[in-house]
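Input: a single structure, listed below in structure tokens.
When a residue number appears, it is its place in the shown sequence, counting from 1.
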Amino acid sequence: MSKTIKKLLTLALALCIVGASYGYDSNRKDGEKTVTFRFLPGENMFTCAGNEVELERLYALIDCHRAEIAAGKMPVYVDGYCVSLPTTKENLNTAFARANRVKSELITREGLKETDFITANYARAYHNNKDVVVVTLRIPSAKATTETTPAKEEVEREEPRQKEVTVEPETKPGSQQVTVKKAPVAEKQPEANRNVEQQPAPVTERFTSESEQPYRFAVRTNVLYDAFLLPTLGVEWRVNENIGVRLDGSLSWWGGSTVKVQKVWLVNPEVRWYLLRNRRFYVGVSGNYGEYNLYKYALGGIVSKDTGYQGKLWNAGLTVGYQLYLSRDFSIDFNLGLGYTRSEYDSFGMTDAVRVYKERNKTKNLWGPTQAGINLVWTIGSNK
């Protein structure tokens with residue numbers, strides 16, 4: 001009885017082991033390595049903690065399998081996922097831009113080529129993550145490598161002149177005969193071609209031109225000028241990610257003609273070049289032109305308490321600035337301009353509510369600040 005029980009237990013244990021092994025092999029993806037990069041909603045940069053570690057891990061994987069990637073045997077799959085924006089189009093555009101960020105890092109740092117990648121973008125979440133880029137390397141199993149390598153070596157020994165022709169060796173067990181079948185060039189790498197067709201690559205191609213030329217239109221106000229009762233409203237058009245064109249206008253019309261007065265209008269155009277990796281710092285060329293009539297009001301009180309000025313001015317100079325992003329649609333723009341200013345004016349005082357001119361047709365030339373700003377910016381059609 002005891003021997004029978006032992007045999008049954010042994011048989012049951014064997015069945016459990018075989019069943020567990022079969023389930024494992026059917027569900028496991030051999031050799032698949034994934035690296036996940038997380039992004040902040042609306043951002044395209046590696047600003048989340050942990051991305052540096054993931055990037056170093058990806059560098060190590062590529063270094064280990066550089067030969068297979070260069071030979072086209074192991075494509076690098078780059079999949080962008082985004083679902084945090086209002087529309088499908090915005091999500092796909094952002095997923096495309098983020099995937100390109102990752103590819104640019106690998107091309108710059110690891111020397112990969114565009115043909116080494118298979119890219120897809122999705123307007124959906126990846127395992128409940130709304131803003132990620134997933135890089136996948138499907139590493140061939142060791143068993144497949146050992147089975148195919150000797151066959152290739154044997155073909156090369158038998159046909160040394162066929163090195164530049166793709167061949168597929170076929171060997172029969174128990175036989176030393178080797179049959180060499182020349183593969184047409186069009187049939188080379190059929191697995192990679194099938195992967196490209198399965199991935200939604202047309203979506204990537206369809207949004208390439210839109211992401212390379214993002215259109216961003218911003219409305220802005222200079223709260224520093226606003227605080228001095230010189231209301232300012234401006235617009236900016238981002239021609240591309242590096243160049244922006246801005247135009248601000250300021251107008252104040254306070255007081256009368258015989259008491260406190262502040263009547264000013266200014267126009268301020270500027271061309272900007274956005275620099276560095278995140279395109280937040282910029283330098284530019286700007287100018288101002290306007291007319292003024294000031295006496296004891298906010299701006300006039302700063303210039304002089306007892307003398308008024310009436311005239312026109314213009315200036316030109318260089319600007320530097322930095323944009324602090326608050327959200328996808330709002331940011332704060334700090335800027336300062338330095339250059340040359342020329343003013344033509346009359347000065348006057350008041351006697352019994354009557355203007356008495358002190359100087360006429362005077363000019364003043366200055367080198368120094370030409371503008372300063374703390375601007376609240378509302379970006380329309382943002383692709384940040």
Side-chain angles (χ1 to χ4, degrees), residues 24-37 54-81 96 98-122 126 132-173 178-205 208:
Y24 175 77
D25 290 338
S26 62
N27 295 326
R28 181 171 63 93
K29 295 182 179 179
D30 292 331
E32 185 171 287
K33 303 292 185 181
T34 61
V35 178
T36 303
F37 299 103
E54 289 290 272
L55 196 59
E56 293 298 329
R57 190 164 71 89
L58 181 57
Y59 290 157
L61 287 172
I62 291 175
D63 290 338
C64 290
H65 303 283
R66 185 179 298 278
E68 293 92 335
I69 295 173
K73 300 177 182 178
M74 188 189 301
V76 180
Y77 295 85
V78 181
D79 299 322
Y81 296 85
F96 171 84
R98 292 169 175 170
N100 270 359
R101 293 285 187 189
V102 176
K103 288 167 58 178
S104 298
E105 287 289 332
L106 299 180
I107 291 172
T108 304
R109 293 285 299 274
E110 292 296 316
L112 299 187
K113 299 177 293 184
E114 184 68 31
T115 55
D116 296 330
F117 299 96
I118 296 177
T119 308
N121 303 305
Y122 304 94
Y126 175 80
V132 296
V133 171
V134 180
V135 180
T136 304
L137 294 178
R138 295 172 183 171
I139 303 170
S141 62
K143 182 178 179 181
T145 304
T146 55
E147 289 178 353
T148 56
T149 302
K152 290 183 179 179
E153 292 176 353
E154 187 172 355
V155 170
E156 291 177 356
R157 287 196 301 272
E158 292 293 330
E159 299 288 343
R161 297 180 182 179
Q162 302 290 334
K163 288 184 179 181
E164 56 237 17
V165 180
T166 304
V167 295
E168 295 181 0
E170 294 182 355
T171 58
K172 296 181 180 180
V178 177
T179 302
V180 178
K181 181 172 65 177
K182 295 181 181 180
V185 176
E187 296 178 3
K188 187 177 180 181
Q189 297 180 351
E191 182 65 27
N193 291 334
R194 285 198 297 270
N195 286 331
V196 173
E197 294 174 358
Q198 294 172 2
Q199 300 287 348
V203 175
T204 303
E205 296 173 359
T208 299

Taking every heavy atom of Cys64 against every heavy atom of Glu68, the minimum-distance pair comes out as O-OE1, 4.3 Å
Ile139 and His65: CA distance, side-chain angles, deciding distance, side chain to side chain contact (heavy atoms under 4.5 Å, CB included) verdict: CA-CA 8 Å; Ile139 303 170; His65 303 283; 3.3 Å; yes
Regarding Lys33 and Thr136, do their side chains bring together a donor and an acceptor under 3.5 Å, going by distance alone? no
Heavy atoms of Thr34 and Arg57 approach each other most closely as O-NH2, 2.8 Å
The side-chain contact (heavy atoms from CB on, under 4.5 Å) partner of Leu106 among Ile69, Asp116, Leu58 is Leu58
Sub-4.5 Å side-chain heavy-atom contact between Val135 and Val76
yes
**OP:** Fit a plane to each ring of Tyr81 and Tyr126, take the angle between them on a 0 to 90° scale, and name the class: parallel (under 30°), tilted (30 to 60°) or perpendicular (over 60°).
**Re:** tilted
When every non-hydrogen atom of Gly80 is compared with those of Val133, the smallest separation belongs to CA-CG2, 4.2 Å
For Val78 and Ala99 the tightest heavy-atom approach is CG1-CB, 3.9 Å
dist Arg109:CZ -> Tyr59:OH (nearest 0.5 Å) comes out at 4.0 Å
On a heavy-atom basis, the closest approach of Glu110 and Asp63 is OE1-OD1, 2.7 Å
Heavy-atom closest pair (Met74 atom, Arg138 atom, distance to 0.1 Å) is CG-O, 3.8 Å
### Query
Just wondering, do Ile107 and Lys113 contact through their side chains at under 4.5 Å, heavy atoms?
no
Original post:
Any donor-acceptor pair under 3.5 Å linking the side chain of Glu54 with the backbone of Thr36?
Top reply: yes
(message) Could you tell me if the side chain of Thr119 sits less than 4.5 Å from the side chain of Tyr77, heavy atoms only?
(response) no
